[in-house]
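Please read the structure below before turning to the comments.
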Amino acid sequence: MPLAMTKKQFLHLCQTYGSAVQRWPEDVQASAHEFMQTHPDLATRMLEAEKDVDDALAQAPRQEARPELSAQILQSFQAKTQSLTVKTAPPRRWSLVNLLWPQNHGLPAWGMALALMLVFGFVGGYTGYAYTLNRTSATEVLSTAFGSDDYSLFGEDTST
Amino acid sequence: MRKHTGQDNHRGDKDPDTALVLRIANGEQAAASELVSRHLSKMVSLARHMLGDAVEAEDVAQEVFMKVWQSAHKWQPGKAKFETWMHRVAINACYDRLRRRREVYTDQIPDRADKDTPGADQMIIEAELSQQVEDAIMHLPARQRAALSLCHLREMSNKEAARALEISVEALESLLARGRRGLRKHLAGHAAAMLER
């Protein structure tokens with residue numbers, strides 16, 4: 001059984017939560033109803049005194065959300081999700097293999113081209129170096145380029 | 001009478017938004033859409049009461065949901081209701097805007113109806129009353145306005161409202177009582193018109 005509510009407590013609740021007792025905290029409602037039964041006139045006067053403020057609050061403008069706003073907010077979710085997907089993609093590993101055959105870009109040709117350029121660069125470099133040594137035959141040049149003194153590798157007869 | 005500790009209609013209940021928030025953290029568009037349809041109007045309405053401006057209210061609502069998208073993966077169920085947290089974010093965003101705002105008051109009444117249409121007078125009176133109430137609410141200190149918005153306009157339980165405002169139930173009750181007194185005082189000049197209705 002709820003403990004008796006005093007006039008002061010009832011007034012405090014009226015002035016705090018307004019004239020609708022059903023909107024007061026649940027744990028005081030039983031006591032409040034008992035107070036209203038034992039002091040009907042006083043309780044009615046106290047509640048009526050707060051009704052003007054409740055009526056005023058009921059007139060406060062209500063703003064509904066526009067469908068366009070809802071769409072904008074959902075677009076921001078999509079944008080956020082996409083940016084997270086990009087951020088969480090595994091970092092690219094910078095290795096020679098990845099450099100030559102980049103994955104997920106559909107461009108293996110430029111990797112191959114780069115590899116060929118490197119090979120020809122080395123060959124060209126060594127060839128130039130060979131010419132500086134005044135070696136005139138093509139076999140000598142190639143042997144210098146590829147680091148071999150065995151001319152037979154390049155089809156030259158070395159038996160003499 | 002035992003001292004009341006405040007009502008909490010959702011005490012012991014599961015937070016209805018928890019599952020949605022977890023799905024949002026996983027990037028589910030349908031969950032985001034559901035959360036928006038559940039809470040967007042509440043956020044807009046709360047911000048409107050706090051700021052008295054329809055456009056700014058929408059901006060605040062957008063800020064709240066951006067924050068939701070950013071923070072969903074960090075949400076820890078069980079500490080507080082997600083909706084309460086959303087209200088707190090909205091209120092803090094409103095406080096920030098109120099601090100930055102240059103106060104501009106206007107006495108313009110929204111032009112909602114053609115004066116010649118049937119019932120136009122009634123609509124104009126309602127618009128006037130609505131404007132007067134909004135003016136009166138806007139004259140209250142921001143914290144009192146927030147308390148009234150949550151408890152009277154959003155019909156939130158006092159415990160949830162106190163959590164959203166990060167204050168005790170007693171402090172909330174003090175804000176509510178002072179807010180109601182302030183509102184009555186401001187509306188005193190218009191009381192006759194209000195009571196006639």
Side-chain angles (χ1 to χ4, degrees), chain A residues 1-6 8-20 22-32 34-35 49-85 88, chain B residues 1-2 4-9 24 27 29 32-33 36-37 40-45 47-49 52 54 57-58 61-62 65-66 68-70 110 126 129-134 136-137 148-149 151-153 155 157-159 169 172-174 176-177 180-181 183-184 187 190-191 194-195 197:
Chain A
M1 184 181 166
L3 294 173
M5 185 178 278
T6 64
K8 191 178 174 186
Q9 286 168 334
F10 192 86
L11 181 64
H12 166 75
L13 289 163
C14 281
Q15 292 175 340
T16 303
Y17 295 103
S19 62
Q22 70 272 17
R23 288 176 56 183
W24 292 11
E26 284 175 358
D27 55 359
V28 299
Q29 287 192 15
S31 303
E34 195 179 283
F35 183 87
E50 293 299 320
K51 204 164 180 310
D52 57 343
V53 178
D54 290 336
D55 289 344
L57 284 167
Q59 292 291 330
R62 311 266 165 173
Q63 185 175 337
E64 292 298 319
R66 292 178 301 116
E68 294 85 355
L69 177 65
S70 180
Q72 278 175 5
I73 289 171
L74 287 172
Q75 276 175 1
S76 74
F77 176 75
Q78 283 175 332
K80 179 72 187 166
T81 308
Q82 282 164 3
S83 71
L84 277 176
T85 307
T88 53
Chain B
M1 184 201 133
R2 73 187 165 92
H4 73 274
T5 54
Q7 76 183 51
D8 192 353
N9 295 333
I24 286 168
Q29 176 81 17
S33 183
V36 168
S37 68
L40 178 57
S41 286
K42 296 174 192 173
M43 295 300 125
V44 170
S45 197
R48 170 64 187 263
H49 292 139
E58 291 195 347
Q62 277 191 308
F65 280 95
M66 281 302 293
V68 171
W69 310 152
Q70 286 164 0
E126 283 180 10
L129 288 170
S130 185
Q131 186 65 46
Q132 285 163 5
V133 171
E134 186 164 47
I137 291 173
L148 283 175
S149 292
C151 287
H152 287 285
L153 304 170
E155 299 189 13
S157 74
N158 58 353
K159 266 196 169 178
V169 170
L172 173 81
E173 289 185 340
S174 172
L176 285 173
R180 289 178 67 89
R181 275 202 301 275
L183 204 56
R184 174 179 283 120
L187 288 168
H190 308 291
M194 301 291 289
L195 290 170
R197 294 188 72 247

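Below, all heavy atoms of this structure are taken into account, side chains as well, without hydrogens, waters or symmetry copies. Per chain, numbering begins at 1; letters A, B, ... match sequence-line order. Being a predicted model, the structure only gives us computed values, none of them experimental.
Among residues two or more places apart in sequence or in another chain, the side chain to side chain donor-acceptor pair (under 3.5 Å) test is passed with Gln78(A) by none.
Pairs passing the salt bridge (charged side-chain N to carboxylate O under 4.0 Å, His left out) check and including a residue from residues 67-78 of chain A, sequence neighbours excluded, read Arg66(A)-Glu68(A).
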(request) Start with the C-alpha distance between Ser76(A) and Phe65(B), add both sets of side-chain angles, then the distance that settles side chain to side chain contact (heavy atoms under 4.5 Å, CB included), and finish with yes or no. (result) CA-CA 9 Å; Ser76(A) 74; Phe65(B) 280 95; 5.7 Å; no
(request) Evaluate the criterion side chain to side chain contact (heavy atoms under 4.5 Å, CB included) for residue pair Leu172(B) and Thr16(A); output intermediate values, then yes/no. (result) CA-CA 9 Å; Leu172(B) 173 81; Thr16(A) 303; over 6 Å; no
(request) Kindly indicate, with the supporting measurements, whether the criterion side chain to side chain contact (heavy atoms under 4.5 Å, CB included) is fulfilled by Phe77(A) and Val68(B). (result) CA-CA 9 Å; Phe77(A) 176 75; Val68(B) 171; over 6 Å; no
(request) Report the C-alpha separation of Thr81(A) and Gln29(B) in whole Å, then their side-chain angles, then the decisive distance to 0.1 Å, and conclude whether the side chain to side chain contact (heavy atoms under 4.5 Å, CB included) test is met. (result) CA-CA 9 Å; Thr81(A) 308; Gln29(B) 176 81 17; 5.7 Å; no
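Asn158(B) and Pro25(A) get closest at one heavy-atom pair: ND2-CG, 3.3 Å. Residues Trp69(B) and Ile73(A) come closest through the heavy atom pair NE1-O, 3.4 Å.
In this structure, OG on Ser130(B) lies 9.5 Å from CZ on Arg62(A), to the nearest 0.5 angstrom. Taken from CD in Glu50(A) to CZ in Arg184(B), the straight-line distance is 4.5 Å, to the nearest 0.5 Å. Atom CE of Met43(B) sits about 12.5 Å away from atom CG of Leu69(A), to the nearest 0.5 Å.
Ranked by heavy-atom pairs under 4.5 Å with chain A, the first of Leu176(B), Val36(B), Leu40(B) is Leu40(B). Ranked by heavy-atom pairs shorter than 4.5 Å toward chain A, the options Gln62(B), Glu134(B), Glu58(B) are led by Glu58(B). Listed options Ala61(B), Ala47(B), Ser33(B) were ranked by heavy-atom pairs under 4.5 angstrom with chain A; first place goes to Ser33(B). Of the listed residues (Ala177(B), Ser45(B), Ser174(B)), the greatest number of heavy-atom pairs within a distance under 4.5 Å of chain A belongs to Ala177(B). Between chain B and the options Ala20(A), Ala58(A), Ala60(A), Cys14(A), the largest number of non-hydrogen pairs under 4.5 Å is found for Ala60(A). Among Ala136(B), Ser37(B), Gly52(B), Gly27(B), the residue making the largest number of heavy-atom pairs under 4.5 Å with chain A is Gly27(B).
A donor-acceptor pair under 3.5 Å links the side-chain atoms of Gln63(A) to the main chain of Ala54(B), judged by distance alone. Formation of a donor-acceptor pair under 3.5 Å by the Arg23(A) side chain with backbone atoms of His152(B) is found in this model.
Using a 4.5 Å cut-off between heavy atoms, Leu153(B) contacts chain A through both its backbone and its side chain. At a 4.5 Å heavy-atom cutoff, the contact between Ala57(B) and chain A is made by side-chain atoms alone.
Counting heavy atoms from C-beta outward, Leu57(A) and Ile137(B) have side chains that approach closer than 4.5 Å. Counting heavy atoms from C-beta outward, Arg180(B) and Asp54(A) have side chains that approach closer than 4.5 Å.
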